[in-house]
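Worksheet for the structure shown next.
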Amino acid sequence: MTSKIAIDALSEAEAKLELARLAVELSAANAAYYTEDNPDLTDDAYDALKRRNSAIEKRFSHLKRDDSPSDQVGAAPADGFSKIAHEVAMLSLSNAFDAEDVMDFDGRIRKYLGLSTDTDLGFTAEPKIDGLSLSLRYEDGQLVHAVTRGDGAVGENVTSNALTISDIPHTLQDCPKVLEVRGEVYMSHADFTALNERQSERGGKVFANPRNAAAGSLRQLDAEITKSRPLRFFAYAWGALSDPLAPTQMGAITRLKELGFSTNPLTVLCDGPEAMLAHYAKIEEQRATLGYDIDGVVYKVDDLALQDRLGFRSTTPRWAIAHKFPAELAWTRLEGIDIQVGRTGALSPVARLQPVTVGGVVVSNATLHNEDYIKGLDSKGQEIRGGKDIRVGDWVQVYRAGDVIPKIADVDLSKRPTDAVPYQFPAICPECNSEALREPGDAVRRCSGGLICPAQAVEKLKHFVARGAFDIEGMGAKQVEQFYVDGWIKEPADIFTLKDRYGQGLQQLKNREGWGEKSANNLFQGIEDKRNIPLGRVIFALGIRHVGDAASNLLALHYETWDAFEAAMVDAQKHEGPAWDDLIDVDGVGAVMAGSVVSAFAQSGERASIDRLVAQLNIIPAERADTSGSPVAGKTVVFTGTLEKMTRAEAKARAERLGAKVSGSVSAKTDILIAGPGAGSKAKKAADLGVQTMDEDGWLALINAV
DNA sequence: TATCCTCGAGTTCC
DNA sequence: CTCGAGGATA
């Protein structure tokens, strides 16, 4: 090792050289540490090198290398974990709560695939481990990173922590070149109890349940702490893959086991819903003696080719479902009912409860949904809870729906105080005193105050900076609220002028509570980072009623640029004419949604606010998915008659994946008509218009020719 | 017109 | 995570 020159005395050339040397040295040390369990550097020496590297980078920030060791695998930056995007998204599962839901699941899949009830359809069934999911990426058999689920698209890099878990192999033999193994990190009951005993002896944090203990342990910035925590890992799925593991789910799990992963021994193959339910009962029976927490049973279509055909809805696969165990229940007293006002003005009642432990978590609030729910009625006027209403002072039974959202299941009328009165839902907004109206047929009551209602204004701003919208780092709900209260930010455009108005020398922001030079700089950087922003996010961020994530992206893909979108919305004001028709024609957009979007561009106040925002931004046009090479990209196709090889839903999904637009009726704009047996008027019209027509086989040949 | 499916908007706790 | 409602479909 060369002599250590004081960092202040380093010349630029020397710094550059030393950074290069440190990069090599540290990466060799990493490799030795992670692959051999036999580091050739002591921990202290390793840390010293790392610190020196960071110090030099800090002084000569422009010299920081692309392969800087401070960004490398296994290195958690001091202020948190680095983010890694999943090559294949980590989705959640839809849920089943009873046998009927499971039968429906089987039925839905058969319908989608066009399978009759007497065709064999196998499923795997396995316990759903209550831990946290983790994705492990192996390249050439080497673990290169471990990433938490995060929001499903981007997770946190916890590689150095994952490497301390003994169930996670560091290297694999005879595996695909690229292999992402997914599974659950969890802690056993015994280890959890022992850990909590140790923690309380030391005066450390005591965890509420094994899940929290596992999560807290995996997200330690110091991998040494994680190493001291007895975490385990079950592999049950995969992400990116260069070669298939097996033709079936069960085969793939077996293969993962052969590769050295722990897989759950209660994973079995079932020939249908009856067998699945039987296995569910068996697992439920063993639940208490398993030694680790599970919260249900997961069923997956076994045939991977069928999984592929079934594909995904927006957030869940069609080919899997989680059958949840019944929720834990607890009784407590309802101390009060508060009303919250959302960004659309919806008045939502929230129950304030005497704190009670439900499923290992202390709950003190629960949702009451809406006016009718408190009265004991559902949206169709049907009685729920036996028609019992909820009153302040009542003893209520609480559960966590889907083990997350606290809800009230029942009311004990025998314990109702004699002076309890039916809850009177407010008719004026508690935040701004505007009238709160309930549209006929609507379940929610809404504040009519619009942006004069401070609650609506703040909630809209929170939505604007939220994930999926502008997602500005350093600007969360708390910050938005503070800035709004102080009058620094009244509308989205103000965020982008914040620095000009208040950032002078950072003095003003710095003098505020909770803000220092660093956090202020980070915030301004976070804001600058989002000046360039994709069109879909901008539309979503506007917070237009009925226009969420999915619809925003549909609109963005349809109009491609902000200018085109805005011009069309202005042209469509009158709810008629070509611009309006074009909008309604977008698949997934109907009159209600269209009216809602258009009205955002009608009111001069809101329109002006949008214009002020757009003036601050560089909006990136939406790019249609790369369908180059697809023979049907950009074509409008219509299916008619009976399809024999696949269902309509499947045909539509596949066509869209290839960049085609699927329409319901034949017009001059139609490029291809796919006519099955029994095609009628549409085929005739297509012939009249001279539209290219083919049968299902012809279509399949066309799209498979890629 | 009725039914099914998907999405949006609301929710808690860590 | 659940509910309600909008949109597509039969």
Expressed in angstrom and rounded to an integer, what is the separation of A:Asp98 atom CG from C:dT2 atom P? 12 Å
To the nearest Å, how far apart are A:Asn95 CG and C:dC1 P? 5 Å
Nearest-Å distance for atom pair CZ/P, residues A:Arg149 and B:dC14: 19 Å
Output the rounded distance in Å from CG (A:Asp130) to C1' (B:dC13). 14 Å
Show me, pair by pair, the donor-acceptor contacts under 3.5 angstrom made by side chains of residues 459-467 of chain A, not counting sequence neighbours?
from, atom 1, to, atom 2, distance (Å)
A:Glu459, OE2, A:Lys462, NZ, 3.2
A:Lys462, NZ, A:Glu481, OE1, 2.8
A:His463, NE2, A:Phe540, O, 2.8

Euclidean distance, atom CG of residue A:Leu554 to atom C1' of B:dG8 [Å, nearest integer]: 13 Å
Selection from C:dC3, B:dC5, B:dT6 that lies nearest to any side-chain heavy atom of A:Lys407: C:dC3
Sequence-distant partners of A:Trp580, ring pair (Phe, Tyr, Trp, His ring centres under 6.0 Å), two or more places apart: A:His575
With sequence neighbours excluded, what pairs up with A:His546 under the ring pair (Phe, Tyr, Trp, His ring centres under 6.0 Å) test? none
So A:Ala215, base contact, sugar-phosphate only, or nothing? Heavy-atom distance under 4.0 Å. nothing
Identify, with sequence neighbours excluded, every residue that meets salt bridge (charged side-chain N to carboxylate O under 4.0 Å, His left out) alongside A:Arg182. A:Glu180
Could you give all pairs that pass the salt bridge (charged side-chain N to carboxylate O under 4.0 Å, His left out) test and reach residues 535-554 of chain A, with sequence neighbours left out? none
When rounded to whole Å, the CD to P distance for the pair A:Glu439 and C:dA5 reads 11 Å
Below 4.0 angstrom, N of the basic side chain to O of the carboxylate: do A:Arg352 and A:Asp338 qualify? yes
Please write out each protein N/O paired with an N/O of nucleotides 9-12 of chain B under 3.5 Å, distance rounded to 0.1 Å.
from, atom 1, to, atom 2, distance (Å)
B:dA9, OP1, A:His546, N, 2.7
B:dA9, OP2, A:Arg343, NH2, 2.7
B:dG10, OP1, A:Thr344, N, 3.4
B:dG10, OP1, A:Thr344, OG1, 2.4
B:dG10, O3', A:Ser348, OG, 2.8
B:dT11, OP1, A:Gln340, OE1, 2.8
B:dT11, OP1, A:Ser348, OG, 3.3

Atom-to-atom span, OH of A:Tyr373 to P of C:dC3 - whole angstrom: 8 Å
Quickly work out the A:Asp295 CG to C:dC1 C1' distance and round it to whole Å. 13 Å
